[in-house]
Amino acid sequence: MLQDSFGRVATDLRVSLTDRCNLRCSYCMPPEGLEWLQKPDLLTADEIVRLVTIGVERLGITEVRYTGGEPLLRRELVDIVARTTALDPAPQVSLTTNGIGLSRLAASLAGAGLHRVNVSLDTLDRETFKRLAHRDRLSDVLEGLEAADAAGLRPVKVNAVLMRGINDHEAVPLLRYCLERGYELRFIEQMPLDAQHGWRRENMITADEILATLKADVALTDADSAERGSAPAELFLVEGGPARVGVIGSVTRPFCGACDRVRLTADGQIRNCLFAADESDLRAAMRAGAGDDEIAERWRSAVRIKKAGHGIDDPTFLQPSRPMSAIGG
Ligand code: SAM
């Protein structure tokens with residue numbers, strides 16, 4: 001098991017397949033992009049599958065989420081998913097993506113056994129999309145969503161980050177869009193994880209604000225909190241249900257006490273928290289010839305020292321040096 005000193009057990013592994021992305025969402029990275037990892041530094045597909053196998057077979061990982069950067073940019077993605085879903089015991093396997101390219105890949109991913117997707121969609125307006133993501137790709141994202149649904153990658157979940165003065169007027173339209181199509185929408189509070197270090201608490205649209213905006217138009221009732229478990233989203237039934245909407249208040253309503261996540265970066269570092277200052281280098285160990293037992297022990301040690309909370313409210317909080325795109329969201 002991957003247990004920390006507070007008794008939390010990590011069962012949900014987020015694996016970043018690449019730090020590259022074809023969008024430049026301003027809450028994540030600057031318009032000019034970033035200095036990407038060099039190919040020799042990236043884990044190969046075989047190395048990724050080896051580490052995921054150790055996680056699943058020896059360390060109690062039951063859910064694997066492939067992410068990035070943009071995971072659809074990783075050429076071996078379908079193969080990596082197929083090899084993950086073939087593990088015994090078989091983990092739940094999902095993907096977080098911006099949806100660009102999903103119209104081409106959704107059927108193959110479903111064929112490889114992928115269970116479902118989270119697609120990021122912050123706006124329904126083409127001009128706002130261009131302003132926020134610095135690319136004119138809204139129609140590709142919407143097509144990707146449709147393809148995921150048609151391929152049965154359900155429930156299709158949609159992630160939205162609202163930014164003040166940019167897309168914060170779109171909470172209700174985004175919800176209606178998702179309800180009409182049977183997608184489950186989740187609003188995520190903007191976190192201090194952008195490469196430019198431009199996050200300001202006063203600019204963040206809080207969970208309270210999001211809920212107040214939604215409730216002005218739509219009847220929301222608490223979904224059974226017992227269902228939440230370790231899920232980051234607080235869920236609400238829309239107009240009595242069964243449709244639901246989620247709010248992930250990572251900053252103002254932290255859920256660290258129930259966190260069951262651990263992260264593997266595209267260059268093979270274990271991070272026990274999105275906001276961790278330290279990492280554990282499994283790539284170096286693996287390339288130096290470490291056996292599965294040794295790698296598993298290093299991984300356990302990395303999780304054991306997980307802090308009680310992300311500490312954003314602590315006066316000594318320092319934003320991690322890796323931005324979200326290089327950690328894997
Ligand atoms: N490229 C994929 C995507 O767009 O979903 C996967 C990686 S992206 C880093 C994963 C999720 O993190 C997206 O839903 C994105 O909106 C979210 N995200 C990125 N930066 C964020 C930030 N500073 N605060 C909150 N969410 C963020």
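Residue numbers count from 1 along this sequence. As a basis for the values below, the full set of heavy atoms in this structure was taken, side chains included, without hydrogen atoms, waters or symmetry mates. Note that the structure is predicted; figures quoted are calculated from it, not measured. Ligands are counted one by one from 1 in listed order, and the atoms in each one are counted from 1 as well.
Here the side chains of Thr213 and Ile205 are not in contact, with every heavy-atom distance at 4.5 Å or above. Side-chain atoms of Tyr183 and Glu146, non-hydrogen and from C-beta on, do get closer than 4.5 Å to each other. Contact check for Tyr66 versus Val93: side-chain heavy atoms found under the 4.5 Å cut-off.
Between Arg8 and Asp260 there is no salt bridge, since none of the side-chain N atoms of the basic residue sits less than 4.0 Å from a carboxylate O of the acidic one. A salt bridge does not link Asp46 with Arg50: none of the charged nitrogens is closer than 4.0 Å to a carboxylate oxygen. Using a 4.0 Å cut-off between a side-chain N of Lys or Arg and a carboxylate O of Asp or Glu, Glu127 and Arg131 do not qualify as a salt bridge.
The closest heavy-atom contact to atom 2 (C) of ligand 1, among the options Met191, Met204, Glu70, comes from Glu70. Counting heavy atoms only, Val161 comes closest to atom 26 (N) of ligand 1 of the residues Val161, Asp19, Leu23, Leu162.
A donor-acceptor pair shorter than 3.5 Å can be found between the side chains of Thr96 and Arg65. A donor and an acceptor atom, one from each side chain of Asn118 and Arg116, are located under 3.5 Å apart. Thr123 and Asp125 form no side-chain donor-acceptor contact under 3.5 Å, judged by distance and modelled atom types alone.
Atoms of ligand 1 found under 4.0 Å from any heavy atom of Thr97, numbered from 1 in the order shown, are 2 (C), 3 (C), 4 (O), 5 (O). Residue Gln190 approaches ligand 1 through these ligand atoms, each under 4.0 Å from one of its heavy atoms: 24 (N), 25 (C). In summary, the atoms of ligand 1 found under 4.0 Å from a heavy atom of Thr67, numbered by their order in the structure, are 6 (C), 7 (C). Using a 4.0 Å cut-off to heavy atoms of Asn159, the atoms of ligand 1 that qualify are 14 (O). Of all atoms in ligand 1, listed by their number and element, those nearer than 4.0 Å to a heavy atom of Gly69 are 1 (N), 2 (C), 6 (C), 7 (C).
Between Met324 and ligand 1, no pair of N/O atoms sits closer than 3.5 Å. Considering backbone and side-chain N/O of Asp122, none are found under 3.5 Å from N/O of ligand 1.
Residue-level proximity to ligand 1 for Asn98 is carried by backbone and side chain together, each with a heavy atom below 4.0 angstrom. Under 4.0 angstrom from ligand 1, the non-hydrogen atoms of Thr96 come from both its backbone and its side chain.
Annotation: cation-pi pair Arg181/Tyr177 present, NZ/CZ under 6.0 Å from the ring centroid and within 45° of its normal.
Shortest contact from atom 4 (O) of ligand 1 to any protein heavy atom: Ser120 OG, 3.2 Å. The single protein non-hydrogen atom nearest to atom 20 (N) of ligand 1 is Tyr27 CD1, 3.4 Å, given as residue, atom name and distance. The protein non-hydrogen atom at the shortest distance from atom 8 (S) of ligand 1 is Gly68 O, 4.4 Å.
Residue-ligand proximity: Ser325 is placed with every non-hydrogen atom at 4.0 Å or more from ligand 1.
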